[in-house]
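Structure, as structure tokens:
For reference, positions follow the sequence shown, starting with 1. These numbers come from the heavy atoms of this one structure, side chains and all, not from hydrogens, waters or symmetry mates.
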Amino acid sequence: MATGASLVRVSSLKLLSSVSHGDDFSSSSKSSSFLGAPLNFLPSYRSGKRTPFHENLVIVSKRISGLEEAMRIRRERELGIVQKVRKRQPLRRGKVSPRLPVPDHIQKPPYVGSSILPEISSEYQMHDSEGIAKMRAACQLAARVLEYAGTLVRPSVTTNEIDKAVHQMIIDAGAYPSPLGYGGFPKSVCTSVNECMCHGIPDSRQLQSGDIINIDVTVYLNGYHGDTSKTYFCGDVSDGMRRLVKVTEECLERGIAVCKDGASFKKIGKRISEHAEKYGYGVVDRFVGHGVGSVFHSEPLIYHHLGMARQ
């Protein structure tokens, strides 16, 4: 058993009424709480005038069971964890280094050389067997690059270092890093840390233990784009962050499971949003899925929630 004590200051004129609305402190009460003797103080002074306002200092003590004490300690620890997470500094932009060169012999997408953001193509990209084979090769390369990039995630590494490594691996494979030069984007990969939702620009900021980072890799190989991304943990990541990433990946898996010949696009968004909301999360409706192939971004647009999902 443990005992908790507190001091309650009440007016001597309101003591009975105050007690009547709380625990029963009378001597006949069977409660485990008890009330110590009130301590009288001298008359107080208010607004410079002497007034006969007497106050009592009441000492209140209550026995606490072992279970209650354990629950109190647990709540205090949880509160401490929450406060610790809230103290994390907001993401700040570092220094962005100049874009990296690409050898002349590597085939480049048509948007390279222009700072204008291309419009999303309204045409659906339907691939023949040759196109599917090229798509598969591009996607396999993107997956290998992404897997390698994930091995670089650790505290003190900068996202700029990840960009350099990704850039070199892509051009060594004879491909072009699709983000580089897309609407003026200055880097070869997107690195989105913590509250940055997507399309983060690699810079000089060092990763810190507790960060999460999404790495978005797209390569342009033999006239086709292969696009993929994944979120990685850096160091000791909180349970809340891990739960967020876990549920997000499950949403992706449920969306993919819907995809088959004849399936409606809106069902993808429905499955994603339902699973996210089941665990108390919301879907960011500003960003969408998209068609990919010889064109980087095209119809159909795949909304991740039911509200705006298309047929």
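Between the side chain of Arg242 and the backbone N or O of Val237, at least one donor-acceptor pair lies under 3.5 Å. Judged purely by atom type and a 3.5 angstrom limit, His167 uses its side chain to pair as donor or acceptor with the backbone of Pro101. Side-chain atoms of Ser294 never come within 3.5 Å of backbone atoms of Tyr224 as a donor-acceptor pair (strictly under, hydrogens ignored). In terms of modelled atom types and a separation under 3.5 Å, the side chain of Ser298 and the main chain of Val295 share no donor-acceptor contact. The closest donor-acceptor contact from the side chain of Ser229 to the backbone of Asp216 lies at 3.5 Å or more, if one exists at all. With hydrogens and angles ignored, the 3.5 Å screen pairs no side-chain donor or acceptor of Asp285 with any backbone N or O of His304. Here the side chain of Asn160 pairs no donor or acceptor atom with the backbone of Asp203 at under 3.5 angstrom. When atom types are taken as modelled, the side chain of Tyr176 and the backbone of Leu180 share a donor-acceptor pair closer than 3.5 angstrom. No donor-acceptor distance shorter than 3.5 angstrom exists from the side chain of Thr231 to the backbone of Ile213, with no hydrogens or angles considered. A donor-acceptor pair under 3.5 Å links the side-chain atoms of Lys108 to the main chain of Ile106, judged by distance alone.
The environment of Glu123 atom CD is sparse: at most 12 non-hydrogen atoms of other residues, nucleotides or ligands sit within 6.0 angstrom. Atom CG of Asp236 sits in a sparse spot, with 12 or fewer heavy atoms from other residues, nucleotides or ligands closer than 6.0 Å.
Between Val217 and Ile215, the closest side-chain pair of non-hydrogen atoms falls below 4.5 Å. In this structure, Lys230 and Glu147 have side chains that are not in contact, with every pair of non-hydrogen atoms separated by 4.5 Å or more. Counting heavy atoms from C-beta outward, Leu207 and Val153 have side chains that approach closer than 4.5 Å. Looking at heavy atoms from C-beta onward, Ser209 lies out of side-chain contact with Cys234 at the 4.5 angstrom threshold. Contact of the Ile268 side chain with the Arg254 side chain is not registered, since no non-hydrogen atoms from C-beta on lie closer than 4.5 Å. You'll find the side chain of Ile120 reaches within 4.5 Å of the side chain of Leu301, heavy atoms only. Here the side chains of Pro118 and Phe296 are not in contact, with every heavy-atom distance at 4.5 Å or above.
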When you look at Ile201 and Thr159, which way does the side-chain contact (heavy atoms from CB on, under 4.5 Å) test go after all the steps? CA-CA 8 Å; Ile201 300 174; Thr159 49; over 6 Å; no
Using salt bridge (Lys or Arg N to Asp or Glu O under 4.0 Å), reason through Arg205 and Asp211 one step at a time and then give a plain yes or no. CA-CA 12 Å; Arg205 178 190 180 274; Asp211 285 345; 3.1 Å; yes
Is there a side-chain contact (heavy atoms from CB on, under 4.5 Å) between Tyr303 and Ser273 once you walk through the steps? CA-CA 10 Å; Tyr303 294 95; Ser273 60; over 6 Å; no
Check the pair Asp227 / His290 against side-chain contact (heavy atoms from CB on, under 4.5 Å), numbers first and verdict last. CA-CA 10 Å; Asp227 191 359; His290 57 86; 3.6 Å; yes
Would Lys270 and Glu274 count as a salt bridge (Lys or Arg N to Asp or Glu O under 4.0 Å) here? Give the steps. CA-CA 6 Å; Lys270 182 175 184 292; Glu274 284 180 347; 2.6 Å; yes
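Taking hydrophobic clusters as Ile, Leu, Val, Met, Phe, Trp and Tyr residues chained together by side-chain heavy-atom distances below 4.5 Å, Phe265 shares a cluster with Val283. Following chains of ILVMFWY side-chain contacts shorter than 4.5 Å, one can reach Tyr148 starting from Tyr232, so the two form part of one hydrophobic cluster. Hydrophobic clustering of Ile, Leu, Val, Met, Phe, Trp and Tyr side chains at less than 4.5 Å, counting indirect connections, keeps Ile256 apart from Val258. Hydrophobic clustering, with ILVMFWY side chains joined whenever heavy atoms are under 4.5 angstrom apart, keeps Ile170 apart from Leu100. Taking hydrophobic clusters as Ile, Leu, Val, Met, Phe, Trp and Tyr residues chained together by side-chain heavy-atom distances below 4.5 Å, Val157 shares a cluster with Val166.
Going from atom NE2 of His297 over to atom CG of Leu117 covers 8.5 Å, rounded to the nearest 0.5 Å. Between the CD atom in Gln125 and the CE atom in Met135 there is a gap of 7.5 Å [rounded to 0.5 Å]. Put simply, OH on Tyr182 and CD1 on Ile116 are 12.5 Å apart, with the number rounded to the nearest 0.5 Å. Residue Asp163 holds its CG atom at 11.5 Å from CG of Leu152, rounded to the nearest 0.5 Å. Of the inter-residue distances, the one linking Asn222 atom CG with Leu141 atom CG reads 10.0 Å to the nearest 0.5 angstrom. Taken to the nearest 0.5 Å, the NZ atom of Lys134 stands 12.0 Å off from the NE2 atom of His127.
Nearest heavy atom pair, residue Leu91 against residue Cys196, reads CD2-CB, 3.9 Å. The two residues Ser178 and Val219 come nearest to each other via the heavy atoms OG-C, 3.2 Å. Between Val96 and Pro186 the shortest heavy-atom distance is CG1-CG, 4.3 Å. Here the closest non-hydrogen pair linking Ile171 and Pro177 is CG2-CD, 4.3 Å. Taking both residues in full, the closest heavy atoms of Gly210 and Asn194 are given as O-OD1, 4.5 Å, listed atom of the first, atom of the second, then distance. Closest approach of Leu221 and Gly174 over heavy atoms only: CD1-O, 4.0 Å.
Ring-plane geometry between Tyr111 and His225 is classed as parallel, the angle between the planes falling under 30 degrees on a 0 to 90 degree scale with a further cut at 60.
His275 and Tyr281 share no side-chain donor-acceptor pair at under 3.5 Å.
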